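Comments concern the structure below.
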Amino acid sequence: MNIHAIIAIYRFEMARTRRTLLQSIVSPVLSTSLYFVVFGSAIGPHMNEIAGVSYGAFLVPGLIMLGLLTQSISNASFGIYFPRFVGTIYELLSAPVSAMETVIAYVGAAATKSTMLAVITLATAALFVDLRIDHPFWMVTFLLLTAITFSLLGFIIGIWADNFEKLQLVPLLIVTPLTFLGGSFYSIDMLPPFWRTVTLFNPVVYLVSGFRWSFYGHSDVAIGISLAMTVVFMLICLAIVAWIFKTGYRLKR
């Protein structure tokens, strides 16, 4: 394995974050902080507790997951799309870098950046609400698995997109609505039986539920099922990425 190539691509992607610090770090954290101010501090005290947890604290895992999903996709999709857009993808394709090494570098950088944002968001949330983490190991596990999985999804979107509009299509029209409807702001146990059954077809429900369980020991779905669904989704994304490199689908502009 060409470790030097992986490190070079990884460092280049991380350097891009430092050059665009306001857009990459400050803006997402500020947006999420507004959710805490409005829903946690302003509306939260007037809401009933959910599973023995204040509404403001209940929101935290869902909001972290919302930011994690969107930023993982955004970072990974732009990271691989931009070389295709400017033509530097040919340098990567002609270099002695394997498909696996390319994926590790780009997905690793995107997952690192989104995880950093999640940690900053968690620290910010602690300023507004009282938090506890009952299962820190599983919190980190779900955090990393989700960051890697959706960074892989973002990588796929970056290969599929042939313009900047398509680059934003899936995150804005599919992922964000699924996250909002996946129990980020409420427990699906509060829904009528029919709509609760429908909601279980939303894959984001399992991510949010498992992540919230790691905080408060409460989940809408069994923790084993949540973990299994996360792993299955990651394996599906890995299979699609493998097919892309095998067929050369849209790697060249």
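What you see is a predicted model; the values in this text were computed from it and never measured.
- Judged by distance alone, the side chains of S187 and D220 do bring a donor and an acceptor atom under 3.5 Å apart.
- Not a single donor-acceptor pair under 3.5 Å links the side chain of R84 to the backbone N or O of D162.
- Put simply, the side chain of R212 gets close to the backbone of G183: a donor and an acceptor are under 3.5 Å apart.
- Under the 4.5 Å side-chain heavy-atom criterion for ILVMFWY residues, no single connected hydrophobic cluster contains both F201 and F233.
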L227 and L145: CA distance, side-chain angles, deciding distance, side chain to side chain contact (heavy atoms under 4.5 Å, CB included) verdict: CA-CA 9 Å; L227 185 61; L145 283 177; 3.7 Å; yes
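- One finds the OG1 atom of T146 at 9.5 Å from the CD1 atom of I148 (value rounded to the nearest 0.5 Å).
- When all heavy atoms of P96 and E101 are compared, the closest pair comes out as O-OE1, 4.1 Å.
- Y206 contributes atom OH, which lies 8.0 Å from atom OG of S226 (distance to the nearest 0.5 angstrom).
- Contact between Y106 and P83 at its shortest, heavy atoms only, is OH-CG, 3.8 Å.
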Intermediate values then yes/no, side-chain hydrogen bond (donor to acceptor under 3.5 Å, both in side chains), T112 and Y10: CA-CA 10 Å; T112 300; Y10 179 89; 3.0 Å; yes
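- Taking the six-membered ring for Trp, F58 and F215 have ring centres at least 6.0 Å apart.
- Taking the side chain as every heavy atom from C-beta outward, Y216 and L131 approach each other to under 4.5 Å.
- When all heavy atoms of L152 and C237 are compared, the pair lying nearest together is CB-CB, 3.7 Å.
- When all heavy atoms of S209 and S219 are compared, the closest pair comes out as OG-CB, 3.2 Å.
- For the residue pair S114 and L68, the shortest heavy atom distance occurs at O-CD1, 3.5 Å.
- How far CG of L207 is from CZ of F142: 8.0 Å, rounded to the nearest 0.5 Å.
- Qualifying ring pair (Phe, Tyr, Trp, His ring centres under 6.0 Å) partners for H135, counting only residues two or more places apart in sequence or in other chains: W213.
- To the nearest 0.5 Å, atoms CG (L191) and OG1 (T197) are separated by 10.0 Å.
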Worked check of salt bridge (Lys or Arg N to Asp or Glu O under 4.0 Å) between R132 and D134: CA-CA 6 Å; R132 76 171 194 267; D134 291 346; 3.1 Å; yes
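- Checked against a 6.0 Å centroid threshold, the rings of F164 and Y81 count as neighbours.
- Side chain of S151 to backbone of A147: a donor-acceptor contact under 3.5 angstrom is found.
- Rounded to the nearest 0.5 Å, atoms OG (S77) and CD1 (I156) are 11.5 Å apart.
- In this structure, T121 contributes its side chain and L117 its backbone to a donor-acceptor pair below 3.5 Å.
- Rounded to the nearest 0.5 angstrom, I80 CD1 and L167 CG are separated by 11.5 Å.
- For the pair L122 and M139, the tightest heavy-atom approach, listed with the atom from each and the gap, is CD2-SD, 4.4 Å.
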